[in-house]
Amino acid sequence: MIGFIHSLESFATFEGRGIRTAVFMSGCHLRCAFCHNPDTWTFNAGQEVLPDSLAKRILRFKPYFSRGGGVTFTGGEPLLQADFILEVIQILKASNINVAIDSSISILNDSVLTLYNSLDFVIADLKFNTAELYKSECGSDVFKTVIESLEYLNQSNIPVILRTVIIPSKNDTIEDINKYFYLVKYFKNIKTYELKPFHTMGFTKYADLGIINPYANIQDANMDIVLMLQDHLNNLIKGVN
Amino acid sequence: MMNDAWEGFKKGSWNRKIDVRNFIQLNYTNYDGDADFLQGPTPRTEKVINEVQNLLKKESDAGGVLDIDVSRISSILSWKPGYILSKDDEVIYGLQTDMPLKRSVNPFGGIKMSVGACEEYGYKLDESLISAFKYRTTHNDGVFRVYTDEMRKVRKSGVITGLPDAYGRGRIIGDYRRLALYGMNYLIEQKNLDKASLGKKAMTENNIRLCEELFKQIQFMEELIEMAAQYGDDITRPARTAREAIQWLYYGYLGAVKEQNGAANSVGRISTFIDIYIKRDIDIGILTETTAQELIDDLVIKFRLVRHLRTSAYNDLFAGDPVWVTMSEAGVTIDGRHMVTKTSYRVLQTLYNLNPSAEPNITILWSEKLPEKYKLFCAQVSIDTDSIQYENDDVMRSEYGDDYSIACCVSALKTGKQTQYFGARCNLAKVLLMALNGGRDEISGVLVGPEGKIFDAEKLDYNEVLTQYDKYSSWLANLYVNTLNVIHFMHDKYAYERLMMGFHDTIVERLMAFGICGLSVLVDSLSAIKYASVTPVKDSNGLIIDYITEGEFPKYGNDDDRADDIARWIVEDFYLKLLKTKTYRNAKHTLSVLTITSNVVYGKKTGSTPDGRKLGEPFAPGANPMHQRDTCGAMASLNSVAKLRFDCCRDGISNTFTVTPDVLGSSANERADRLVSLIDGYFSQEAHHLNVNVLNKDKLIDAMEHPENYPNLTIRVSGYAVNFNKLNKKQQKEVINRTFHSSL
């Protein structure tokens, strides 16, 4: 089957050890106001590719994947092309490549469940802590699906790196962090939970694409506040453990 | 032979004959731990390094040369002992002249070069020296007596340049460890025995030459005893302590650089050897970690002060005043044990204790078998200092064993057993232009090679171009070998490396090291002709001076086999062509893809090329993809270079690689870890060499404008490191223009 990819970055920076190649999938069903990759929203942005040719390109980087490296499908929303990614993974797994996705985990269907079970880990965005905020800020009420997905990943014991982007005036208080924590406190599969600062670097893409930028008036998150919130979150997590 | 200097060492064949490798294999202790044991500089070291920093500043303020002694010729005994501050402030003694950074004159390569170099810095060489050389043939005189018209023409046009026909060839590494282990008396005794046995053979031309060379070796070995005695040391006997071992070894090196001003004077693979002595002294309580580090620091300070007097034309080719005191570190034994010792760490620690520096040229012989903690420490040092380079021991070991050293940038030599005839490089991109112009130089129009037809078709046809390239590259390969034969015959005759060769076996294996530059320009040009449409543009005389290239074509550096296969073919093809011509003294042909900094000069001398590069624009360094054309990311770029085969480039394949700190990660641990993954990944594909820079372009741009803020900014350029401030503006711009691999 044909996949739609926006681009491939052979040497991408992700947290943790090892060198990871990033495959940016085209297409996303969400319209998050703080998205820094709006150029990946539509399927026709990018190139069509067959699973074996994509796998072949990735396998050229295998020598660099020792020490925890591998490939991460991101986007866009990789789950929209779960079947395609599965076909690629089948080829990659024959060469023992470590595979992850970086996703909003806001789609649940049979293909997605099969995909989850073939991954080494999932980088998951927990964007907001209420259905209302998901609806107003991401254009879609997927909160329930996100929580169900986290529950599924936990039951299936699939490692998760959880992330939340801290956006000034939207989710940058201690109370917000408490709520996020409450949502995930019983999940045993979450390896780390990282807070990331909202940044305005993606703004130029909105201008280039002629898309209205709903957060045009929002500033970069203050790093001191993000670090303070991360400290607070870490303390909450320690309390559980 | 038995003596107390060897007490505590495990005995073996090294006790019966000169065999340093055997001594190391039996006695070294490898180290798997981390860097926590390392010590900072002592107050004495700090005092000396402060003075060195002052002197370096004065040297820089004086335009690059602090002082020249114009009254005498450099040799082992030309000067009384010299010290940085005073003898009491030093633990390892010895300077080239009587004052630090004072340069000496060494006219044996060519008197004109010495006169010119003095004048460029506002000095005048003593008349008595000039007239003395009126009656003496220099290496340069000898070469030009024999050079043919054709050789002169290719040299002038820049198809072959940088040839060591007017300066010392260098790239010969004495096994200075022998002096420490055996003492000079034993080494001289062995040379005398060799000479006696050669005397029994038929006196053929070869044998006579070798007998005379042995005489010269012994003469200078005896002079070195006198030099050391002036500093208060008796090197006739073996070294008894770590300080003596380091000192003896350094005296050997110092004598060699007093006698010879070769382009690269590398010191070899010494740290594992030294570690055996340091460990013995620490074990018996006469040395501590602090004083051990102090010895290494002081040795490295001495290496940083080595200078030669050069002309500006020379500096264009080899920018930044390098001497290539290359130190080869780590590696693995042929039976699979890594050779990382605590002294491997101590050597790297000098970059923290004494600030980052271009010299010595610390070269890590990398293997997948090196201990994890050492790999991470090396990566950390690269990230912090941009001062070290990596070469793949896993590909070199099978050819060169486990006691080879790197000469200059990337050239492996079995220590004390092999020596090199350095051959600079030829410009293969220019050969293509010459082929298209029927043997004419594309800039001057002068007929340089065999006369042929200038291409007159509207569009260049790939197969026709290859046929002509084949003809001209064959012609050049033959001429290149013959030119080097002339040069090295004369160098052996008039500027023989007496002391360095004294620290070799009497019967050595010789390698003749050819080189190519312009590889990426040639690959992309041929790819353009093959996959796009290339139309020649002629001037009024009918000479092709430019090309119009339309359409897309694959470019080297993107892991695209269509381009990379061309690169492999060019290198293999040229190597096979070189093999067809016999070498002087039956030297073994080797080939490198390395430019040093001559990529700027070669670019200047090369017309516009079909890849879209314009007349005079710099080439990429070494085997690097052309600037900014490797657009598929760091790993794709590395993968392309990794496809070049070491077995036809046994003199090295140089790749200079720059990443921004961000792309490696956000924390120090992440960055070091990813850099290790990158080096491991590259070398696991049998790639040969990697220069690593971890820096931002902005930093270099700022350093160009405010050099005073970056006195120690060191960067890797092509097989060596330079202080950024010592590059000229053109070279600085070329470095800034290179690909910096960064993330999206």
Side-chain angles (χ1 to χ4, degrees), chain A residues 5-25 36-40 46-47 53-54 56-72 74-76 95 97-98 102 161 163 192 194-197 199 201-202 204-205 223 226-227 230, chain B residues 366 368-370 372-373 375-376 379 392 394 557-561 564 630-643 657-687 690 694 739-744:
Chain A
I5 69 168
H6 173 268
S7 57
L8 182 142
E9 171 67 26
S10 65
F11 190 172
T13 310
F14 286 97
E15 284 70 22
R17 295 188 74 206
I19 290 174
R20 300 197 73 87
T21 290
V23 181
F24 291 87
M25 307 301 296
H36 59 270
N37 285 332
D39 48 337
T40 61
Q47 45 187 309
S53 79
L54 179 60
K56 205 172 145 195
R57 279 168 72 185
I58 293 167
L59 285 172
R60 283 291 301 150
F61 305 127
K62 189 186 172 191
Y64 306 91
F65 290 161
S66 59
R67 315 167 68 84
V71 59
T72 302
T74 176
S95 297
I97 304 290
N98 181 295
D102 174 3
I161 294 172
R163 277 191 321 214
T192 56
E194 292 156 352
L195 304 180
K196 296 275 158 193
H199 60 73
M201 281 187 324
T204 52
K205 289 186 184 172
M223 218 36 223
V226 177
L227 289 175
Q230 182 79 59
Chain B
W366 189 272
E368 58 174 10
K369 293 202 178 103
L370 294 188
E372 175 72 11
K373 283 173 180 153
K375 285 183 178 178
L376 287 168
N392 192 351
D394 294 332
N558 296 295
D559 199 11
D560 184 329
D561 282 339
D564 301 345
D630 42 352
T631 54
C632 293
M635 281 131 64
S637 178
L638 292 174
N639 280 356
S640 279
V641 184
K643 289 174 194 168
F657 179 82
T658 304
V659 281
T660 60
D662 294 354
V663 76
L664 289 178
S666 48
S667 71
N669 286 343
E670 265 177 43
R671 287 198 280 264
D673 192 74
R674 285 215 179 85
L675 186 53
V676 171
S677 297
L678 207 67
I679 300 170
D680 267 341
Y682 182 56
F683 285 156
S684 73
Q685 302 177 67
E686 299 184 5
L690 198 65
V694 181
T739 309
F740 285 59
H741 291 286
S742 54
S743 58
L744 284 177

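Below, chains carry the letters A, B, ... as their sequence lines are ordered, and counting in each starts from 1.
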So how far is it from B:Asp673 CG to A:Ile19 CD1, rounded to the nearest 0.5 Å?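 Rounded to the nearest 0.5 Å, the CG-CD1 separation comes out at 9.0 Å.
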Rounded to the nearest 0.5 Å, what separation is found between the CG atom of B:Asp680 and the CZ atom of A:Phe65?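 Here the rounded value is 14.0 Å.
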How about A:Gln230: does its CD atom have over 12 heavy atoms from other parts shown lying under 6.0 Å from it?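 Correct, the count exceeds 12.
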Return the set of residues passing side chain to side chain donor-acceptor pair (under 3.5 Å) with A:Tyr64 (not counting sequence neighbours), or none when no residue passes. B:Asn639, B:Gln685
Can you tell which part of [X] gets under 4.5 Å to a heavy atom of chain A, answering side chain, backbone, both or neither?
X	result
B:Glu372	side chain
B:Tyr682	both
B:Ser677	both
B:Ile679	neither

Write down the atom of A:Ser10, the atom of B:Ala636, and the distance for their closest heavy-atom approach. OG-N, 4.4 Å
Specify the closest pair of heavy atoms between A:Arg67 and B:Leu376, including all atoms of both residues, with the distance to one decimal. NH2-CD2, 3.6 Å
Salt bridge (Lys or Arg N to Asp or Glu O under 4.0 Å), paired with B:Asp559, selected from A:Lys56, A:Arg60, A:Arg57: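 One option only clears the test, and that one is A:Arg60.
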Counterpart residues, ring pair (Phe, Tyr, Trp, His ring centres under 6.0 Å), relative to B:Phe657 (two or more places apart):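 Applying ring pair (Phe, Tyr, Trp, His ring centres under 6.0 Å) to B:Phe657 gives B:His741.
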